[in-house]
> 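Below you will find the structure I want to go over with you.
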Protein chains: 2
Amino acid sequence: MATRRQRTERRADALSKERIVEAAIEILDTDGERALTFRALTQRLATGPGAIYWHVENKGDLLAAATGDVIARVMTDVPEGTEPREAIRTMALGLFDAIDAHPWVGAQIAGEPWQFAMLQLFEGMGGQLKALGVPESAQFGAASALVNYSLGVAGQNAANARLVEPGTDRTAFLSGVVDQWVRLDPAKYPFVHQIAKQLVEHDDRDQFLAGVDLILAGVGTLG
Amino acid sequence: MATRRQRTERRADALSKERIVEAAIEILDTDGERALTFRALTQRLATGPGAIYWHVENKGDLLAAATGDVIARVMTDVPEGTEPREAIRTMALGLFDAIDAHPWVGAQIAGEPWQFAMLQLFEGMGGQLKALGVPESAQFGAASALVNYSLGVAGQNAANARLVEPGTDRTAFLSGVVDQWVRLDPAKYPFVHQIAKQLVEHDDRDQFLAGVDLILAGVGTLG
DNA sequence: ACCTGAACACCGTTCAAGT
DNA sequence: ACCTGAACACCGTTCAAGT
């Protein structure tokens, strides 16, 4: 009797949606989006495609689940009592870091619906805006601005990550971009020339946060 | 002699990268991203895949060219003498409308590098920020915020467009989303409940512009 | 209920052959 | 120089058959 298994208990190597999603995330992180195929997945899980399809609707479902998993981890509660502006920065930065670590999430965001993750972002941002004293009529718009800005940066980060070869040095890559920029006609592209130097030195994270602060400063003028 | 053709002259039905990109855009606009295959393209252009590959590097190249084409049209010059703030609004709205009309561009943005189109956006936004009197040290960050925000909205619009069936009514779709939202625990998601009503009524374009204004207001506090 | 794996339909891409 | 179209390697997905 003591050794009787519960109904929900499974063999340790039993398949499950969680194990499949976990394996998918590993493949995506280590070998990139193109490497995630059902053949790679069947090999890693030592099974056939049919077994995977028993747990997962299709590839889109799998990708959505993987994206949801990563985003869910970001939305860990900000410590109680954190100042609203700081709480917003923390959440935004969490999103930034998560997509920096898993660039495929950034690409996925523009492609598939977010649904729940999106909703959590709105709830998190919106609650803090309320605490900040932003007028109710402006809260939706302000939350939307913060979320969309963060997603825009995420998408571009993902695009850049895909552009550079996995091994490439970041500075070397940016230098190459700048080389192209300065070759342009300065009369037609004065601003691009001006920011060319800053491009190599700038910190993506800092600039992202500066953008969040810019939106928050704009929100401050509404009060 | 009078009938002698110039070297660069071609038969009217001759293939060219422009004609291929044009056909690709038509397929993307009318039938969506999934419909753009080399078979669909060869059929429409009455040729073989090899002919297309003579003019185009690969599918990524084709998609990038199509995206570039659409974005280039957006960056039509804003009338000389337009007030800077208004010029920024016009450019941002042009981007919004273009991606509203060609949702696949929004998805493409997060995926492939923009390169030239991106650069044009920065140049356009940056020049106006300079005219606005934004301190030089803040111009890069402000331009980046405006561009990334616009791209974020674009990406989400594209995702939503892909989510709804081509024929679906917008209001009906949003009502469905709201139905799901209000089913959530109000104690855990008070903000989502609060904005649920606004979601159905709100105008995407207006809200996008409001976000641009929010960033511009933030920029105004820097002066 | 869950897994196996052969098979199907389709895709991007190549290439020898033509003009 | 440019085009043709058969062929290749690979992919997501299905399904009859097993346990």
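Just so it is clear, the structure is predicted and the values come from calculations on it, not from any experiment. Sequence lines set the chain letters: A, B, ... in the order given, protein chains first and strands last, and positions in each chain run from 1.
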> Does the B:Q139 side chain pair with the main chain of B:G126, one donor and one acceptor, at a distance under 3.5 Å?
no

> Mind calculating the distance between OH (A:Y53) and C1' (C:dA7) to the nearest angstrom?
14 Å

> For C:dC3 and A:H55 - does any side-chain N or O of the residue sit under 4.0 Å from the phosphate oxygens OP1/OP2?
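Yes, because at least one side-chain N or O of A:H55 sits under 4.0 Å from OP1 or OP2 of C:dC3.
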
> Would you mind telling me which of D:dT14, D:dG12, D:dG5 lies closest to the side-chain atoms of A:P49?
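The closest nucleotide is D:dT14.
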
> What residues, two or more places apart in sequence or in another chain, satisfy ring pair (Phe, Tyr, Trp, His ring centres under 6.0 Å) together with A:Y149?
A:F208

> Taking Watson-Crick (N1-N3 plus N6-O4 or O6-N4) and G-U wobble (N1-O2, O6-N3), each under 3.5 Å, can you produce the dot-bracket string of DNA chain D? Use [ ] for crossing pairs and | for inter-strand ones.
||.|||||...|||||.||

> Between atom CG of B:L209 and atom CG of B:L214, what is the distance when rounded to the nearest 0.5 Å?
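The distance works out to 12.0 Å.
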
> To the nearest Å, how far apart are B:L41 CG and D:dG5 P?
16 Å

> Check the distance between C:dC2's P and A:I20's CD1 and give it to me in whole angstrom.
12 Å

> Could B:K17 and B:D61 be called an ion pair, given the rule that one side-chain N must be under 4.0 Å from one carboxylate O?
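Salt bridge between B:K17 and B:D61, a charged N being under 4.0 Å from a carboxylate O: yes.
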
> Would B:D100 and B:R205 pass as an ion pair if we require N to O under 4.0 Å?
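No, this pair does not count.
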
> Rounded to whole angstrom units, what separation is found between the CZ atom of B:R39 and the C1' atom of C:dT14?
12 Å

> Just the rounded figure in Å: distance from P of D:dT13 to CG of A:D61.
10 Å

> Considering every strand and a 4.0 Å limit on heavy-atom distances, what is the contact class for B:L36: base, sugar-phosphate, or nothing?
sugar-phosphate

> Out of curiosity, B:L184 CG to B:H193 NE2, how far, rounded to the nearest 0.5 Å?
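So the gap between those two atoms works out to 5.5 Å.
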
> Please verify the inter-ring angle class for A:H202 with B:F140; under 30° counts as parallel, over 60° as perpendicular, anything in between as tilted.
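Because their plane-to-plane angle is over 60°, the rings of A:H202 and B:F140 count as perpendicular.
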
> Among C:dT14, C:dC2, D:dT13, find the nucleotide with the atom closest to the side chain of A:W54.
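Of the candidates, C:dC2 comes closest.
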
> Measure from the side-chain heavy atoms of B:T37 and tell me the nearest of D:dC2, C:dG12, D:dC11.
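For B:T37, the side-chain atoms sit closest to C:dG12.
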
> How close or far is atom C1' of D:dT14 from atom CD of A:E57, stated in whole angstroms?
14 Å

> Roughly how many Å is it from NZ in A:K59 to P in C:dC11, rounded to a whole number?
15 Å

> Round to a whole Å and report the spacing from CZ of B:R19 to C1' of D:dC3.
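For the pair B:R19 CZ and D:dC3 C1', the rounded distance is 13 Å.
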
> Looking only at the side chain of B:F38 (C-beta and beyond, no hydrogens), which of the listed nucleotides C:dC3, C:dT13, D:dT13 gets closest?
C:dT13

